[in-house]
Structure formats: C-alpha cells, structure tokens
Protein chains: 2
Amino acid sequence: MSDSARRPIPPATVARLPAYRRALMDAADAGVRTVASGALADAVGVHPDQVRKDLSHLATRGTRGVGYDVRALITETSAILGLDEERVVVLVGAGNLGRALAAYEGFAPQGFRLAAVLDVDAAVVGTRIGALTIAHLDTLPTVVRRERADVGVVAVPGPAAHDVVDAMVAAGLRAILNFAPVHVRVPDGVVVRRVDLSTELQMLSFHRTNGARG
Amino acid sequence: MSDSARRPIPPATVARLPAYRRALMDAADAGVRTVASGALADAVGVHPDQVRKDLSHLATRGTRGVGYDVRALITETSAILGLDEERVVVLVGAGNLGRALAAYEGFAPQGFRLAAVLDVDAAVVGTRIGALTIAHLDTLPTVVRRERADVGVVAVPGPAAHDVVDAMVAAGLRAILNFAPVHVRVPDGVVVRRVDLSTELQMLSFHRTNGARG
DNA sequence: TTCTGTGAACAGATTCACAGCA
DNA sequence: TGCTGTGAATCTGTTCACAGAA
C-alpha cells in the first residue's frame with residue numbers, strides 16, 4: 001500500500017519530518033488547504049530551500065505558484081514515520097521521570113499508546129500510575145509479545161540502564177529511547193536514541209561562556 | 001585564566017564533550033589515571049579517530065604510546081563547558097514534566113543548581129516542590145537578577161511556550177532549554193535547544209518500519 | 001508572476017592513512 | 001611497538017541559482 005518505498009530518505013530529513021508534520025497538522029486545524037515552502041519554513045525554523053529539498057524526497061509534489069497540499073503531506077509523512085497505524089510503547093522505570101513520561105499527554109495525539117509501565121522495585125510494582133498497574137520487569141517478554149510493542153523507553157538510573165536495554169532487545173524490541181546518561185551497545189538492527197538533560201544543559205552552558213561576545 | 005581561548009571548537013565536537021567528560025569522571029572514580037583514545041571511544045560509542053580529532057581541539061595533549069591524562073582532560077572539558085563555576089538554572093512550568101525535572105538528581109553533580117521554579121497557575125504558586133517554593137512567572141526578572149541565572153528551562157504546554165521564552169529573553173537569559181513541541185524565534189545571541197519526546201518517538205518509529213529489512 | 005524542483009557550489013563532519021614520538 | 005596528531009579523501013548536508021510549470 002505505502003508508496004513510500006522510494007529511495008532512502010536522508011537522516012537529516014527524517015529528523016525534520018516530525019516538525020513538518022506538526023506544523024501541517026496545525027495548518028489543517030486552522031482550515032488551511034495548501035501551504036508554500038516559505039510558510040512551512042517559518043513554522044519550523046529552517047530555510048525554504050531546505051523544506052523543498054526535504055519534501056523532494058517524498059512522493060507528494062507541490063504545484064508551482066501555489067504550494068503543497070496539506071492533507072496529502074500529512075498522510076504521506078505519517079505513513080513514512082509509521083504513524084498510520086498505532087505504535088505501542090513500553091516504559092521501564094517508574095521513578096520521577098518515568099511517572100512524568102507516563103503522564104505525558106503527547107503520546108496519544110501522535111499515534112503512540114503507552115501499553116505498560118515496568119519496574120524492579122517491589123515497593124512500586126502493583127501500584128497504579130494513571131490507568132496502568134506497574135508490573136515487574138521480569139514480565140517484559142510477555143508484555144512485548146501480548147501488546148505487540150514497538151518501542152521501549154528507558155527511564156531508570158544510569159547503572160541499571162544497560163541491563164534494561166539488553167532485556168528489551170532480548171524481548172524483541174528494535175527501537176529504544178534511552179533517558180539514562182550512558183552509552184549502550186546493541187546488535188545491528190536495533191536503534192537507540194538517547195535523550196539526556198545533563199548533556200543539553202552542558203551544551204547550553206558552553207554557548208553561555210563562548211558564543212556571546214562580552 | 002582559561003587557556004581554552006583557542007580556535008573555535010566545532011559544534012559536533014562540543015556535542016560530544018559532555019559524554020567524554022562523563023566517561024572521564026567514571027574512569028577517575030575507578031582510579032584510572034590515563035586513558036587511550038580507544039578506551040574513551042568504547043565508552044562513548046564513537047571511533048578512536050573521532051576521539052583524537054575532537055581532543056586535538058583542546059590544549060591538553062596526549063602522550064604517544066600511553067594516552068591522555070584523565071584529570072587534565074576533566075579539568076579542561078569542564079572549563080570549556082563552563083562548569084568550573086556553578087551554573088544557575090530557572091525552571092518555568094510545574095506540571096508533570098516540570099516536577100520531574102525539579103526532582104532530577106543529575107543537576108548538582110554536573111555543576112547545575114536549580115534556583116527557582118515558576119508557574120502562572122495560582123493553584124500551584126506558593127506550594128513547595130522539594131526545597132523550593134513555586135513562585136509566579138511575573139517574578140522571573142527579579143529571580144534572574146537575584147540568582148544570576150544562566151539557563152532557563154521551559155516545561156510548559158506548547159501554546160504557552162513562546163510567551164515564556166520571550167519573558168526569559170527579556171529577563172536577560174541567553175541560554176534556554178525548551179521541552180515544548182514548538183519552534184521559538186529568538187534574537188541573535190540567544191541560544192535555544194529543544195528536547196521533544198514526541199519527535200524522538202517518531203524518529204524511532206521511522207526506523208522501526210524502515211531500517212529493518214523485513 | 002509565484003513558487004516548485006533540482007543540479008551545482010559550498011561547508012562541515014567523518015574516516016582514512018600514515019608520519020612520528022614515548 | 002603502541003598510540004597520538006594531522007593532512008587528505010570522502011561523505012553528508014546546506015545553500016545557491018535558476019529553469020520551468022501553474
């Protein structure tokens with residue numbers, strides 16, 4: 001079905017697709033039917049050239065003098081990002097961060113469903129977190145199979161992270177979002193993205209001392 | 001004082017410095033005095049060539065056949081990242097995410113001090129969050145001046161984010177970490193980094209459908 | 001006339017290859 | 001011999017410039 005089976009899309013473009021998609025959905029909500037590269041560029045914070053180059057990797061073509069069809073772009077970007085069907089997320093770690101992530105309202109609107117929250121701490125296993133009951137990490141393989149989970153999210157302290165990632169890989173997860181401040185080694189075919197607050201703050205701190213002129 | 005006033009360090013290298021620094025601190029904790037590019041590369045997940053190229057931008061030189069002095073590298077990377085003196089952080093938004101960030105244990109060890117948490121919601125202003133009392137967003141300029149704040153963290157819903165960023169810029173903050181899923185426009189000299197859970201999940205979703213071979 | 005689509009030029013980052021010191 | 005330091009080659013991504021359809 002998907003005619004997104006084209007030439008490979010450059011990673012830099014893929015990284016911008018979610019932002020385009022969000023801007024497009026905002027435009028659609030506002031009743032806009034057609035959008036020019038300049039308008040998209042403004043919304044996302046890049047140059048219009050960049051937008052056109054990025055969109056040239058898609059099947060949807062714009063019309064000269066007019067722009068791109070908003071609905072068509074939403075449909076295609078959603079398909080490319082695999083969001084035309086529901087994505088199932090399993091979260092490990094029910095500490096402060098884990099709880100905040102579990103309460104995050106941004107999952108559902110983008111097509112993600114949080115199916116389970118797991119932890120190893122006997123004190124929290126069995127307690128509820130929103131609509132979910134926290135289960136033990138040992139049940140991960142069962143949960144992944146039962147829910148047909150796609151993505152694992154790691155919100156445990158650094159020292160525990162690699163074991164959790166290994167367990168996720170063993171359970172069959174092939175896409176992992178790691179909030180722990182450690183690099184994890186995974187087999188080919190598994191992709192890990194790391195989000196680290198401390199790294200971000202340090203990069204900002206660098207710009208604070210350098211960057212400025214005085 | 002700082003002899004880090006060398007040629008500009010490439011952004012890609014700056015982005016890796018926090019990871020090197022963390023690995024170096026781990027090594028120092030383990031009693032290691034000297035580290036080779038290969039060992040650092042393993043810890044951080046890059047090629048040894050990359051490590052040497054990155055470290056060649058620093059003043060610290062390695063010794064051939066041996067490696068780099070761990071303490072010297074920690075000192076210099078800390079100075080470059082501006083972590084040789086305390087960095088003061090102000091957080092706006094005391095919802096789920098804001099609370100999780102406020103409780104984050106990783107601030108202090110890296111030299112960051114959370115000085116204040118602000119919100120606009122009268123229901124939370126005045127309540128405590130850890131050792132801090134939540135203040136109203138209107139007090140931002142006062143707080144920034146009093147605490148000599150360096151970095152602002154935005155943990156409010158998307159629609160409110162741009163106003164908060166504008167207020168931060170007006171209050172004199174020049175480095176902002178934005179967790180809201182919107183692009184914000186800021187004047188020259190102000191740097192904004194965006195961290196968005198939804199974008200990360202969508203990129204993983206992409207790899208889940210593509211990337212794999214079957 | 002406006003805005004797309006794309007080849008060409010350019011810039012930045014990574015990887016390679018190897019010379020040279022401990 | 002082991003590991004650093006760096007120029008050269010390669011690769012990736014961005015910006016420019018412009019031809020061409022609506």
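Labels below follow one simple rule: chain letters A, B, ... track the order of the sequence lines, proteins then strands, and each chain is numbered from 1.
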Using atom [atom1] of [X] as one end and atom [atom2] of [N] as the other, report the distance to the nearest whole Å.
| X | N | atom1 | atom2 | value |
| --- | --- | --- | --- | --- |
| B/Arg7 | D/dT6 | CZ | P | 9 Å |
| A/Leu73 | C/dT4 | CG | P | 11 Å |
| B/Tyr68 | C/dA22 | OH | C1' | 14 Å |

Residues two or more places apart in sequence or in another chain: which of them pass salt bridge (Lys or Arg N to Asp or Glu O under 4.0 Å) with [X]?
| X | value |
| --- | --- |
| A/Asp150 | A/Arg87 |
| A/Asp54 | A/Arg16 |
| B/Glu147 | B/Arg113 |

Which residue pairs pass the side chain to side chain donor-acceptor pair (under 3.5 Å) test when at least one of the two sits in residues 161-175 of chain A, sequence neighbours left out?
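The answer is A/His162-A/Asp166.
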
A/Thr75: partners by side-chain contact (heavy atoms from CB on, under 4.5 Å), with sequence neighbours left out
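Not a single residue meets the side-chain contact (heavy atoms from CB on, under 4.5 Å) criterion with A/Thr75.
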
Within residues 33-46 of chain B, find the residues that approach DNA chain D with a heavy atom at under 4.0 Å, and present them sorted by residue number.
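Those residues are B/Ala36, B/Ser37.
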
Any idea which heavy atoms bring B/Val153 and B/Leu101 closest together, and the distance?
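In terms of heavy atoms, the two residues are closest at CG1-CD1, 4.0 Å.
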
How would nucleotides 13-22 of chain D be written as a contact map, 5' to 3', with B for base contact, S for sugar-phosphate-only contact and - for no contact, using protein heavy atoms under 4.0 Å?
SSBBB--BBS

Show me the donor-acceptor pairs within less than 3.5 Å that the side chains of residues 43-53 of chain B make with the rest of the protein, sequence neighbours left out.
from: B/Asp49; atom 1: OD1; to: B/Arg52; atom 2: NH2; distance (Å): 3.2
from: B/Arg52; atom 1: NH1; to: B/Ser37; atom 2: OG; distance (Å): 3.3

For residues 185-194 of chain A, which side-chain N or O atoms pair as donor and acceptor with protein atoms under 3.5 Å away, sequence neighbours left out?
from: A/Arg193; atom 1: NE; to: B/Glu200; atom 2: OE1; distance (Å): 2.4
from: A/Arg193; atom 1: NH2; to: B/Glu200; atom 2: OE1; distance (Å): 3.1
from: A/Arg194; atom 1: NH1; to: A/Asp196; atom 2: OD2; distance (Å): 3.3

